[in-house]
**Q** 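Handing you a structure now.
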Amino acid sequence: MLFNSLSFLYLFLPITYLVFWRLRSKTDRYLWLTLTGYVFYSFWDYRFCALMAASTAVSYLAGLGLLRWDDRQRRRLCVIAAVTIDLALLGFFKYANFAMGTVNSLAESLGWELFLSGPNIILPVGISFYTFHTITYIVDAYRRTITPTRNFFEYSCYVSLFSQLVAGPIVRFRQIERDLENIDHADRRQGWAIGWSFFALGLAKKVLLADTIAAVIDPALADYGALSTAGAWLCMIGYAYQIYFDFSGYSDMAVGLGHMFGLRIPQNFDSPYQATDPSDFWRRWHISLSTCLRDYLYIPLGGSRGGVWQHYRNLMLTMLIGGLWHGANWTFVVWGGYHGLLLVAYHMTRRSWDALPGALRRAAMFVLVIAGWVLFRSADLGMAADLFAAMFVWTPGSLPTGVAVLLPMLLIAGAVSHVRPNTWQLRHQWRPVLAVGLAALFALSLALIWGGQRMPFLYFQF
Amino acid sequence: VRLATLLRLEILAPAVLVLAGLADLGLRFLPRDYFSFRSWEALRVGGEAGPFRPNRRYATSRAYGDLANLGNLPALREYHAQAVTTDAWGFRNPPALAESGRVRVILTGSSLTAGTEVADSQTLAARLSDRLGTGVYNAALAEPDLSTLRGLARRLGVARGVLIFELLEDRDAPGPALGGDEPRAGRCPRAIARMTATCRAYNWAVDQARVSPLRILSRRSLRRVQNDRWLPNPDRDDVLRARLENGREMLFQGADAEWQPSLAAEDRAVRYFSWLERRLAREGIDLLVILAPRKYTVYGPLLSAAPSDVDVGARSLERIARRLADRRVPVVNLTPALRSAARAALAQGRYIYFRDDTHWNADGIVVVADAVAPRLAELGRERRP
């Protein structure tokens with residue numbers, strides 16, 4: 001089920017909302033949100049609900065163990081066992097096919113008679129997100145950053161909360177713990193107002209900007225071999241805005257929905273295209289993931305401590321793993337590696353880079369990010385090479401169909417993402433004129449949804 | 001209440017949502033004809049198979065082909081009048097035919113047999129009825145399994161008659177029934193089906209739930225800009241534009257040029273019809289299979305840039321026809337008749353299929369009726385002694 005679907009807007013959301021506020025006790029509300037989370041998830045494939053339930057149970061039990069035992073050995077056993085199980089599930093469902101394919105390709109290129117085959121493994125939607133929820137919970141409990149909950153329903157509600165279940169943001173337990181504890185005292189009116197503001201803005205970002213841009217660039221990129229240089233640049237600039245408005249739109253909707261249920265989901269995007277350097281970009285893009293990678297990978301690896309080369313190694317490793325997290329494809333690994341190299345290069349040339357004018361740094365950073373999106377968007381490295389060739393070697397030809405719509409969309413998207421404040425910088429208290437304008441945008445988004453323009457969110461695939 | 005208190009996003013946005021829902025609900029009480037561009041949309045109940053809405057008459061003078069609609073090609077639309085009547089069972093027949101006791105032939109098959117885009121008097125059933133002087137019941141788009149066909153024959157009082165089964169080239173023969181009885185639905189689903197079949201309110205509600213007028217209107221508005229000029233048409237690849245020898249454009253289904261017959265599907269068709277012929281014979285009903293080519297198979301040889309292998313579909317139908325004939329299953333392969341008629345018509349600047357649709361037109365149906373009627377008459381003569 002998508003947030004931008006009629007079944008969600010007309011059935012799931014009203015029922016979930018009305019029943020939630022009819023219930024009074026904490027446990028009832030935890031139970032209801034857990035149940036609705038599983039219903040929401042089962043719209044993709046009910047079979048994988050068991051997987052989520054298993055992952056939830058394992059991490060909950062590990063949390064209880066960490067609560068009970070103080071001795072180091074047992075605590076380590078709890079964390080290692082639970083994280084291993086979580087990573088094994090993620091590895092099997094997300095990376096087994098990729099690993100087998102890689103081994104087979106390697107064997108073929110070396111002339112070995114080896115062919116690994118296994119069952120056709122379906123990637124459960126959102127596994128990367130809820131696995132990170134459970135892992136961060138266990139590790140935080142181990143580090144004593146949080147006190148694990150004894151209430152199973154509170155925990156299962158945290159893992160299966162529908163608003164952040166399948167595409168994040170990756171909410172850490174400590175970020176939402178207080179709201180979960182006070183779920184029976186949530187302020188319905190305040191949450192309703194701010195929730196709708198976030199939700200309507202997110203929906204407009206997704207449906208009006210991201211999907212309209214996608215409607216033009218997707219057919220053009222499907223025939224990427226025929227792209228001219230101008231066409232390739234337009235497509236990739238378009239993709240940069242598409243992925244930003246798609247994912248940040250989804251995150252805004254998730255935040256809005258969270259508010260409607262008294263839960264404050266943290267910020268996931270902070271105007272990333274206003275970043276002036278690679279470090280700044282990763283402080284602004286997919287914040288919930290980048291902070292997870294920082295806190296659970298980069299810093300344990302040593303962070304910036306130790307020598308310069310160790311620091312660079314840690315950056316590269318973190319970004320390569322971050323790239324692989326996005327999907328089982330070499331393009332994502334290379335994309336992660338590319339961003340790792342950008343970070344290393346930035347740290348090597350920091351003084352001279354920071355001395356450049358701010359506008360120039362912003363523009364350069366945006367172009368560097370677009371180059372990364374070529375890798376991210378490509379189905380394989382061959383496609384990425386062809387797209388780079390079309391972008392950087394003059395290729396005459398026509399522009400994509402729908403360029404008359406694309407150009408104004410890019411201008412609006414550019415103005416919103418480069419100049420205007422983001423949704424978290426707004427006060428969400430609208431003057432009547434602006435409220436009517438935003439309601440009109442919401443109505444237009446709704447009309448497009450009724451008209452059948454329903455594109456899945458890009459980050460669902462991860 | 002002050003206006004300013006109402007002009008708040010948290011009130012306006014949910015209000016928009018509710019109003020849109022109410023508008024859709026309200027529009028469902030209007031006749032569906034307002035939202036349809038041809039009978040198919042107005043009369044279909046939903047799903048791929050099954051009869052139309054019963055006891056309905058739909059008429060328009062501005063119908064056009066689905067390929068022009070799918071390809072969003074207003075310039076290639078060929079507007080034509082259309083009048084469609086359904087009987088009490090939802091099939092496309094004169095209302096009194098089912099009760100007349102005159103029915104000797106039941107005709108079932110795809111939308112070609114149903115008579116998409118043509119008038120009631122021009123359907124294949126009507127043409128055959130004129131030629132044979134007997135009642136031919138158009139049961140096209142029935143679930144073509146044995147129990148449905150048997151039930152139809154019983155209700156129509158066809159004790160000794162003919163069932164004509166039209167199989168379209170790229171359709172699979174209905175399964176499974178390869179040598180045994182068809183699996184029966186479970187007791188519970190059957191009981192539910194029996195209960196719901198008689199509940200008019202339930203059927204009305206289900207029918208209404210299946211079609212959303214607001215969705216149709218929104219989609220139509222969106223299609224206006226998805227015209228490959230403002231925005232790419234997402235269904236563009238579903239339509240193939242090709243030029244005929246006379247220089248005029250004709251539309252085909254997008255997958256037509258690449259479509260390849262499957263030997264397994266041919267095998268299934270032969271086995272199914274052989275089995276069906278034996279089962280129907282036990283009830284005193286003869287089976288006549290008619291093999292209908294795709295429009296692309298008929299017009300492939302007449303395209304200005306003819307495809308490399310224009311006969312791939314024709315050969316497949318020929319193989320099925322030969323194998324059925326070997327098993328003494330009566331069969332008519334319509335490909336040769338339609339191909340030669342298409343060539344002759346093209347020479348006069350006429351067509352036997354709608355240029356903007358996948359279906360044959362009234363002239364094409366005359367060709368089909370001319371090819372089928374003699375075989376039907378033969379079956380009648382064989383039966384008489």
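No hydrogens, no waters, no symmetry mates; every other heavy atom, side chains included, goes into these values. In what follows, every chain begins at residue 1, and chains take the letters A, B, ... in the order their sequences are listed.
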**Q** Here's a test for you: under side chain to side chain contact (heavy atoms under 4.5 Å, CB included), which of A/D386, A/L387, A/L399, A/T395 qualifies with A/L227?
**A**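 So the option named by the test is A/L387.
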**Q** Is it true that A/D211 and A/K205 make a salt bridge, defined as a side-chain N closer than 4.0 Å to a carboxylate O?
**A**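 No, A/D211 and A/K205 are not salt-bridged.
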**Q** Given that the side chain runs from C-beta out, which part of B/N227 has a heavy atom under 4.5 Å from chain A: side chain, backbone, both or neither?
**A**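 For B/N227, there is no contact with chain A at all, as no heavy atom is under 4.5 Å.
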**Q** Measure distances from A/L9 to the heavy atoms of chain B and classify the residue's part below 4.5 Å as side chain, backbone, both or neither.
**A**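 Its backbone and side chain both get close to chain B.
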**Q** When you check the side-chain N and O atoms of B/R56 and B/Y58, is any donor under 3.5 Å from an acceptor?
**A**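 Short answer, no.
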**Q** Who wins among B/A20, B/P234, B/A13 for the most heavy-atom pairs under 4.5 Å with chain A?
**A**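 Maximum pair count with chain A is reached by B/A13.
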**Q** Salt-bridge test for B/R223 and B/D235: reply yes if a basic N is under 4.0 Å from a carboxylate O, no otherwise.
**A**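 Yes, B/R223 and B/D235 are salt-bridged.
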**Q** Rounded to the nearest 0.5 Å, what separation is found between the CD atom of A/Q267 and the OG atom of A/S248?
**A**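 If I round to the nearest 0.5 Å, the distance is 10.5 Å.
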**Q** What heavy-atom pair brings A/W196 and B/L17 nearest, and what distance separates the two atoms?
**A**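 Nearest pair, atom of A/W196 first, then B/L17: CH2-CD2, 4.0 Å.
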**Q** Counting only non-hydrogen atoms closer than 4.5 Å, does B/S221 touch chain A with its backbone (N, CA, C, O), its side chain (CB onward), both, or neither?
**A**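 B/S221 has no heavy atom closer than 4.5 Å to chain A.
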**Q** Top residue by heavy-atom pair count (under 4.5 Å) with chain A, among B/V225, B/D24, B/L217?
**A**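 When all of B/V225, B/D24, B/L217 are compared, B/D24 has the most.
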**Q** Under 4.5 Å from any heavy atom of chain A, what part of B/P14 do you find: side chain, backbone, both or neither?
**A**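 For B/P14, the contact with chain A is made by backbone and side chain together.
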**Q** Only pairs of heavy atoms separated by less than 4.5 Å count here; which of A/A404, A/P14, A/A193 has the most with chain B?
**A**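 Among the listed options, the one with the most contacts to chain B is A/A193.
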